[in-house]
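Order of listing sets the numbers, starting from 1, for every ligand and every atom in it.
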Amino acid sequence: MRVKYAYLDEQFADFESYFPELRKLIQSGEFTLGPWVEAFEKDFSAYVGTKYAISTNTGTDALVLSFKSLGIGAGDEVITAANTFYATVGAIVTAGARPVLVDCDDRYVLDVNKIEKAITKKTKAIVPVHWVGHPVDMKTVLTIAEKHGLSVVEDACPSAGARINNQHVGSFGNLGAFSFHPLKPLNVWGDGGCIVTSDDKLAKWLRSYRNHGMVDRNHIEMWGVNARMQPIQAMVARKLLPQIEDLTARRIAHAKQLDNGLKNLSDFIHLPPRPTNMREVYQLYMMCVKNRDELLKYLISKEIEAKVHYPVPLHLQKAAEGLGYRKGDFPVAEKQANELITLPAHQHITSEQVDYMISEIKAFYKS
Ligand SMILES: *Cc1c(COP(=O)(O)O)cnc(C)c1O
């Protein structure tokens, strides 16, 4: 039984249902910003529960622009998690600041108990990453930020639909960044991103900076960039948004089924704690296992398309050489890089496929 990692053909099997709206868009000639982008921003801010949503070209741009809007740049330090996608750290570097990493906890996210030790006089912001759909403990992050006068930019890129006590991730900090990359829960036909905030000043600045710093056609108030979301992607995102609750609920059901099926293998598999006040959306279903590389090979031989996110920790990447980190600096992230495995748990697999994965994993550890 094949269990596919990618599912975009199924996700967009109804692609023809997008055609009437696409036809309207093409006929309107509204190819930069315009009504489709505005409509999506309105819907997305209502969904997340912030006053504003400022859409962008990518999730990475959403992060870079968030840092810029806070005036973060050369000489500043920004704290984030040791295990995240490259873009979190890349965006901090692009803004001109220095990334300061903090080790992970047993949910694979920023260990909030280690943040304060990383704060210096140069620290300007904390960037909790709601990694793979696992929300970070925002109450603690906000308490620390307030105590030290720091801004909070949530990297909620992979986590549309995730909540803490029913409040959406991205809406806790000064700013939140989302990605609509094809492999995120809310996915478009290419790249897309969005910044959410309830801060009037930041929102106004971001809208202008995203669009060349323009006030109107004939005037600019600053040197900006072009980081606009494509109207076609806004059209797709807006059509998918009403489905996101159901689609993430299916991921959550698969994750529960996996948790239940694997919990008796605790000699070999370490499942992360699942805080009951959080809605985790499982952009990826990850767990720590014994003999990871052998299990990975075995699963792939059984047509189960498991992956590893990621085998090389960020601070040991060539790109990170200038940051001065060494092997041993983030023992939890390093251990997880050797033990983590990702199983398909997306909305387009069946519960039979989930059972098949469980029985193959059991078979592997029995032998
Ligand atoms: C995907 C992702 C990004 C980058 O988003 P893009 O839209 O691909 O630029 C940033 N941070 C995290 C944690 C992500 O998962």
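The Val129 neighbourhood of ligand 1 comprises atoms 13 (C), with distances under 4.0 Å to a heavy atom of that residue. Which parts of ligand 1 touch Cys157 is read off a 4.0 Å heavy-atom cut-off, strictly below it: atoms 2 (C), 3 (C), 10 (C), 11 (N), 12 (C), 14 (C). Applying the 4.0 Å criterion to heavy atoms of Pro158 picks out, from ligand 1, the atoms 13 (C), 15 (O).
Residue Gly59 has at least one nitrogen or oxygen atom sitting less than 3.5 Å from a nitrogen or oxygen atom of ligand 1, judged on distance alone. Residue Asp191 places no N or O, backbone or side chain, under 3.5 Å from any N or O of ligand 1. At a 3.5 angstrom cut-off on N or O pairs, Thr84 does not count as close to ligand 1. Here's the thing with Asp155: one of its N/O atoms is less than 3.5 angstrom from an N/O atom of ligand 1. For a threshold of 3.5 Å applied to N or O pairs, the pair formed by Thr60 and ligand 1 contains at least one separation below that value.
Here Asp259 does not pair with Lys263 in a salt bridge; the nearest charged N to carboxylate O distance is not below 4.0 Å. In summary, Arg107 and Glu280 engage in a salt bridge, as defined by a charged side-chain N under 4.0 Å from a carboxylate O. Remark: Glu245 engages Arg163 in a salt bridge, criterion side-chain N to carboxylate O under 4.0 Å. Salt bridge Glu10/Arg250: absent, no basic N to carboxylate O contact under 4.0 Å. At a threshold of 4.0 Å, the pair Glu294-Lys297 does not count as salt-bridged, since none of the basic side-chain nitrogens sits closer than that to a carboxylate oxygen.
Ranked by closest heavy atom to atom 6 (P) of ligand 1, the top entry among Ala87, Gly133, Ser179 is Ser179.
At least one heavy atom of Lys184 sits less than 4.0 Å from an atom of ligand 1.
Annotation for Val215: hydrophobic cluster partners, listed by chain and number, are none (ILVMFWY side-chain heavy atoms under 4.5 Å, direct or chained).
Between Tyr18 and Trp189, the ring planes are tilted. Angles from 30° to 60° get that label.
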